[in-house]
Amino acid sequence: AVSRAVKKGSMPHARDLPCADCGGQASQYDHHCGYAINNRLNVEPVCMPCHKMRFVERGEGKKYT
């Protein structure tokens, strides 16, 4: 849903936004509320290091090891 919204122009690309955590340049969106249908566009732009930290804090760090 996020990819479609970006392609359609109804949502900016993450790289055009600051990281929600550190203020640096974001590179991707984080589905911080999960992937349920009602949260499909509830995302925050984050840089790769902050996204990794979020995964670790949520106990999902194995995805980055």
Notebook entry, point to check: Taking it one step at a time, do Asn39 and His31 satisfy side-chain hydrogen bond (donor to acceptor under 3.5 Å, both in side chains)?
Noted result: CA-CA 8 Å; Asn39 289 324; His31 287 85; over 6 Å; no

Check: Looking only at heavy atoms, which two atoms of Cys33 and Asn42 are closest? And how far apart?
Finding: SG-ND2, 3.3 Å

Notebook entry, point to check: Is it true that Leu17 and Val43 fall in one hydrophobic cluster, defined by side-chain heavy atoms closer than 4.5 Å?
Noted result: yes

Item checked: Gln25 versus Cys47, closest heavy-atom pair with distance -> O-CB, 3.5 Å

Checklist line | Contact check, side chains of Pro18 and Pro45, non-hydrogen atoms, under 4.5 Å | finding: no

Notebook entry, point to check: What distance separates Lys52 NZ from Glu57 CD, expressed to the nearest 0.5 Å?
Noted result: 12.5 Å

Note to self: If I take atom SG from residue Cys19 and atom CD from residue Gln28, how far apart are they, to the nearest 0.5 angstrom?
What the structure shows: 9.5 Å

Notebook entry, point to check: Can you list the steps and then say if Arg54 with Asp21 is a side-chain contact (heavy atoms from CB on, under 4.5 Å)?
Noted result: CA-CA 10 Å; Arg54 286 177 173 216; Asp21 293 343; 2.8 Å; yes

Item checked: Student check: side-chain heavy atoms of Met48 and Ser27 closer than 4.5 Å -> yes

Notebook entry, point to check: Roughly how far, to the nearest 0.5 Å, is OH of Tyr29 from CG of Leu41?
Noted result: 10.0 Å

Note to self: Walk me through whether Asp30 and Arg58 qualify under salt bridge (Lys or Arg N to Asp or Glu O under 4.0 Å).
What the structure shows: CA-CA 12 Å; Asp30 178 33; Arg58 289 192 297 247; 2.9 Å; yes

Check: About how many Å separate CE of Met11 and OG of Ser3, when rounded to the nearest 0.5 Å?
Finding: 9.5 Å

